[in-house]
Amino acid sequence: MAISLEDLNPEQHQAVTTAEGPLLVLSGAGSGKTRVITTRIAWLMQHRSVPPASILALTFTNKAAKEMAERVAALTKGGKTAGGGKPLISTFHAFGVRFLRQKIHLLDYGGDFSIYDEQDQISVVRDIMDHMEETPLYTPATAHFALQQAKGQGITPQELSRQNDSPAAALLGTLYARYQKTLKGMNALDFEDILILSMALAQTHRVEAQRFFSQFQYVMVDEYQDTNIIQYRLLKEITAAHHNLCVVGDDDQSIYGWRGAHPQNIPDFLADHPQVRVVRLERNYRSTGTILEAANQVISNNPSRQPKTLKGTKGQGPLLTWLEGEDEKDEMEKMVTHLRVTKMRTGSSFSDFAVLFRSNFQSRMVEETLRLEGIPYLLLGGTGFYDRKEIKDAIAYLRVIQNPGDEVSLFRVINFPRRNVGKTTQMKVMEYARHQNRPVMDILREAESYSEFSGPTAQSMAHFSSLMDRYRIRFMRENLGDVFREFLGEIGFHEAVAKERKDAKGREAAQGLVAELEQATDHFTAKNPDARLKDYLERVSMFTMVEDSPDPRAQVTLLTVHSAKGLEFPYVYLVGMADDVFPHKRSLQENGLDEERRLAYVAITRAKEQLVFSMAKRRKRFSEVLVQSPSRFLLEIQPELFGGVPPHGAEGEMLKAKKAERAGEARKRFFDQMKKMKAVEKPV
């Protein structure tokens with residue numbers, strides 16, 4: 001059966017049936033881009049008699065590729081196509097591997113090359129650094145991260161080495177060159193190499209490369225705004241002979257710049273293809289008119305974007321809601337109350353609700369509030385707050401202080417931060433404890449009396465036991481929150497956590513999580529001034545114990561905005577909508593406001609029926625109470641789109657007064673009309 005295009009709107013129809021030459025489909029949020037891509041593939045096969053094997057569609061995840069392939073198969077089932085085979089629907093990297101398996105011998109690699117995962121790559125970096133004469137300016141993990149960032153931007157080792165004004169860059173260039181030489185010697189590639197070597201092969205062996213590329217006469221790319229520089233260049237090589245390249249994307253949803261995405265690829269595509277056809281998909285089939293107006297008003301403040309305006313198909317819908325708590329706890333309580341009322345009023349399931357936040361540390365307060373209120377939830381695309389390594393390490397310290405016999409917690413933290421008490425030493429300590437039938441902590445206290453332990457190591461173990469004893473007494477006598485903060489400061493916990501992360505963003509996130517834990521202890525102490533350490537640990541256990549999962553269809557979804565891309569929910573709560581939280585403070589310091597605004601746009605357009613924003617007037621950060629202002633993105637939304645008082649200060653109060661005035665006038669007109677009607681109805 002041939003496919004039908006009758007259900008497509010005019011813009012979708014144009015995108016599907018524009019077959020030849022370069023085509024840019026600017027697909028706004030919720031405008032049906034996946035349907036357009038898959039229908040276009042099926043249409044080419046059935047109506048233009050394009051052999052399936054000459055069609056290539058590229059995307060970014062195996063899940064997306066599988067979904068596209070399934071939808072194309074369903075559309076073409078029973079329909080007549082020219083030639084045999086199937087279209088190649090693949091990720092960029094899977095396509096690169098297919099190309100390299102056939103042609104990489106031209107670069108002096110074997111076709112049976114290995115692909116190293118991240119841990120393998122870091123191991124190679126560590127071994128190289130161990131044999132470098134220069135003083136290392138990186139840890140193996142941070143060096144690996146910096147190296148991969150450079151590779152993703154198409155920077156060569158030689159370009160880095162020539163930066164004489166930057167010793168760190170020059171050293172990285174040397175490391176980069178040795179890393180590549182080592183991998184090649186082992187006939188191995190990392191993930192970045194898959195595309196870099198594909199590009200190198202295409203440029204240095206054009207005839208052979210074009211022989212491979214020529215089998216694909218029609219090329220399509222999904223989520224084009226997420227492509228990086230290497231992918232952009234590779235696409236030019238693949239389509240150099242025919243220019244039948246259709247790219248589908250939305251520069252307003254480009255939110256992965258931090259991992260190499262290059263939103264400039266869209267304007268560059270227009271510049272490189274003067275004959276390009278541009279189709280704008282602006283009809284949104286997901287959200288109400290109110291939500292779309294808010295999204296349009298926010299994103300319109302970004303300069304240099306491709307113009308497009310989302311247009312609704314579902315009616316105007318309810319106004320936006322603004323909730324403001326005195327502090328974060330009050331904010332969460334108001335959010336939960338609103339969620340419960342909405343659920344009862346609409347008869348919805350918990351699975352219809354999602355709570356979105358900008359940063360991972362914000363999940364702690366959301367999780368705790370929902371757990372205490374008995375509302376089932378699913379943290380999507382992330383790790384629960386109390387399941388994160390930083391938090392588990394800090395809690396392990398508290399467990400050892402409370403219970404010196406907790407050997408699992410003790411050995412978890414005895415060498416974090418590093419105290420020169422490695423695995424071999426720990427094994428010896430355990431052997432002594434078992435042999436003498438004594439607690440491990442006793443062995444640590446007496447470490448300096450054992451000849452098997454070296455001087456510095458024995459001193460470290462004795463100091464550790466003394467530290468635990470000293471703070472055990474303090475926790476019994478002093479304020480829990482204050483002592484906990486001082487303890488983490490004394491052992492250098494924040495600094496140790498930061499050192500484990502590869503980049504500045506990761507270090508800041510890790511420290512933010514620990515600061516959030518400190519704040520949690522402050523909240524607990526304020527609410528329970530007489531509580532002791534054991535009481536706090538019992539409360540934490542409530543959040544860490546494994547329970548039977550409730551029906552996944554009846555859970556509120558919790559997730560960061562980055563994780564929410566591509567998803568949709570009837571009711572969305574965007575919490576923590578304060579300046580320096582969203583937009584993130586770092587974005588203001590690094591000229592990243594445009595991407596933050598795109599992130600807000602993505603967050604807003606996840607909502608289908610109702611959108612609620614919330615903020616705490618005050619929040620505690622690193623023992624400092626911060627007075628917060630509403631996110632500047634919310635102030636870009638017209639106050640008229642909010643029900644009740646919007647986050648616009650005095651302007652909002654004026655709006656509220658005007659609404660009340662208009663309502664009063666409407667009531668007066670209604671009663672005047674009723675009086676007239678009654679007067680007419682009176683018998684003469």
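- Within the 4.5 Å cutoff, the side chain of Arg532 has no heavy atoms near those of the Gln402 side chain.
- Of the N and O atoms on the side chains of Glu282 and Thr309, not one donor lies less than 3.5 Å from an acceptor on the other residue.
- Residues Thr605 and Arg286 share a closest heavy-atom pair of O-NH1, 2.7 Å.
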Val298 vs Ile637, side-chain contact (heavy atoms from CB on, under 4.5 Å): CA-CA, chis, key distance, verdict: CA-CA 6 Å; Val298 170; Ile637 301 173; 3.6 Å; yes
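- The backbone N or O of Gln362 sits nowhere less than 3.5 Å from a side-chain atom of Ser359 that would complete a donor-acceptor pair.
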Show your reasoning for whether side-chain contact (heavy atoms from CB on, under 4.5 Å) applies to Phe493 and Val514. CA-CA 9 Å; Phe493 193 81; Val514 179; 3.8 Å; yes
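- Of the possible polar contacts, none joining the Thr39 side chain to the Val36 backbone as a donor-acceptor pair under 3.5 Å is found.
- Here the CG atom belonging to Leu634 is positioned 11.5 Å from the OG atom belonging to Ser629, to the nearest 0.5 angstrom.
- Tested against Glu596 for a side-chain hydrogen bond (donor to acceptor under 3.5 Å, both in side chains), the candidates Arg586, Arg358, His584, Arg632 yield a single pass: Arg358.
- Lys63 has no carboxylate O lying under 4.0 Å from a charged side-chain N of Glu67, or vice versa, which leaves the two without a salt bridge.
- A side-chain N or O of His494 and one of Glu518 form a donor-acceptor pair less than 3.5 Å apart.
- Judged by the 6.0 Å distance and 45° axis criteria, Lys343 is not positioned over the aromatic ring of Phe353.
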Start with the C-alpha distance between Arg606 and Glu568, add both sets of side-chain angles, then the distance that settles salt bridge (Lys or Arg N to Asp or Glu O under 4.0 Å), and finish with yes or no. CA-CA 5 Å; Arg606 299 312 94 194; Glu568 58 186 46; over 6 Å; no
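- Here the side chains of Tyr377 and Phe350 are not in contact, with every heavy-atom distance at 4.5 Å or above.
- Judged by distance alone, the side chain of Thr290 and the main-chain N or O of Gln316 form a donor-acceptor pair under 3.5 Å.
- A salt bridge is absent between Arg280 and Glu11: the closest approach of a Lys/Arg side-chain nitrogen to an acidic carboxylate oxygen does not fall below 4.0 angstrom.
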Take Leu533 and Leu398 through the test side-chain contact (heavy atoms from CB on, under 4.5 Å) and record every step on the way to the result. CA-CA 8 Å; Leu533 181 56; Leu398 296 181; 4.1 Å; yes
Run the salt bridge (Lys or Arg N to Asp or Glu O under 4.0 Å) check on Arg485 and Asp522 step by step: do they pass? CA-CA 9 Å; Arg485 184 172 285 101; Asp522 289 336; 2.7 Å; yes
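- Side chain to side chain, Thr346 and Thr342 fail the donor-acceptor criterion of an N or O pair below 3.5 Å.
- Considering only heavy atoms from C-beta on, Asp535 stays 4.5 Å or farther from Asn528 through its side chain.
- Going from atom CG of Leu635 over to atom CG of Asn301 covers 11.0 Å, rounded to the nearest 0.5 Å.
- Judged purely by atom type and a 3.5 angstrom limit, Gln231 uses its side chain to pair as donor or acceptor with the backbone of Asn228.
- Under the 4.0 Å criterion applied to side-chain N and carboxylate O atoms, Lys308 and Asp251 are assigned as salt-bridge partners.
- Put simply, the side chain of Leu370 reaches to within 4.5 Å of the side chain of Leu558, judged on heavy atoms.
- A donor atom on one side chain and an acceptor atom on the other are not found under 3.5 Å apart for Asn284 and Ser31.
- Aromatic ring pairs are classed by plane angle as parallel below 30°, tilted from 30° to 60° and perpendicular above 60°; the pair Phe633 and Phe582 is perpendicular.
- One finds the CD atom of Gln555 at 10.5 Å from the CG atom of Leu380 (value rounded to the nearest 0.5 Å).
- Judged purely by atom type and a 3.5 angstrom limit, Arg618 has no side-chain atom pairing as donor or acceptor with the backbone of Leu626.
- The side-chain heavy atoms of Phe524 and Thr521, taken from C-beta on, include no pair separated by under 4.5 Å.
- Residues Ser349 and Ser351 bring a donor and an acceptor atom of their side chains to less than 3.5 Å of each other.
- Within a 6.0 Å sphere centred on NZ of Lys329, heavy atoms belonging to other residues, nucleotides or ligands number 12 at most.
- Within the 3.5 Å criterion, the main-chain N or O of Asp594 finds a donor-acceptor partner in the side chain of Asn302.
- Between the side chains of Arg619 and Gln628, a donor-acceptor pair is found at a separation under 3.5 Å.
- Using modelled atom types, one finds no donor on one side chain facing an acceptor on the other under 3.5 Å when comparing Glu609 with Tyr571.
- Donor-acceptor pairing under 3.5 Å is recorded for the side chains of Glu223 and Gln225.
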Salt bridge (Lys or Arg N to Asp or Glu O under 4.0 Å) for Lys334 and Asp330? Distances and angles first, verdict last. CA-CA 6 Å; Lys334 287 181 176 178; Asp330 187 41; 3.6 Å; yes
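- Under the 4.0 Å criterion applied to side-chain N and carboxylate O atoms, Lys617 and Asp327 are not assigned as salt-bridge partners.
- Taking 4.5 Å as the limit, some side-chain heavy atom of Leu517 sits within range of a side-chain heavy atom of Ile395.
- Counting only heavy atoms from C-beta outward, the side chains of Ile391 and Arg364 never approach each other to under 4.5 Å.
- Nearest approach of Ile41 to Ala57, heavy atoms of both residues: CD1-CB, 4.0 Å.
- For the 3.5 Å distance criterion, the side chains of Gln519 and Glu328 qualify, holding a donor opposite an acceptor.
- Side chains of Asn9 and Tyr285: a donor on one and an acceptor on the other come within 3.5 Å.
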Kindly indicate, with the supporting measurements, whether the criterion side-chain contact (heavy atoms from CB on, under 4.5 Å) is fulfilled by Thr91 and Phe60. CA-CA 5 Å; Thr91 65; Phe60 284 86; over 6 Å; no
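- If you check the side chains of His338 and Tyr573, you find a donor sitting under 3.5 Å from an acceptor.
- Taking CG of Leu356 as the start and CG of Leu559 as the end, the distance is 4.5 Å to the nearest 0.5 Å.
- The shortest non-hydrogen separation linking Ser409 to Ala396 is CB-O, 3.6 Å.
- Gln297 places none of its side-chain heavy atoms less than 4.5 Å from the side chain of Glu636.
- Residue Arg40 holds its CZ atom at 12.0 Å from OG1 of Thr38, rounded to the nearest 0.5 Å.
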Chi angles and distances behind the salt bridge (Lys or Arg N to Asp or Glu O under 4.0 Å) call for Glu368, Arg371: CA-CA 5 Å; Glu368 286 195 9; Arg371 182 72 70 95; over 6 Å; no
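- Counting heavy atoms of neighbouring residues, nucleotides and ligands inside a 6.0 Å radius, atom CG of Asn62 does not exceed 12 of them.
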Just do the side-chain hydrogen bond (donor to acceptor under 3.5 Å, both in side chains) check on Glu293 and Gln638 with the steps written out, would you? CA-CA 9 Å; Glu293 284 183 37; Gln638 294 177 2; over 6 Å; no
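- The main-chain N or O of Ala607 is found under 3.5 Å from a side-chain atom of Ser287 such that the two form a donor-acceptor pair.
- Taking CG from Leu319 and OG1 from Thr321, the interatomic distance works out to 8.0 Å, rounded to the nearest 0.5 Å.
- Under the 4.0 Å criterion applied to side-chain N and carboxylate O atoms, Lys389 and Asp393 are assigned as salt-bridge partners.
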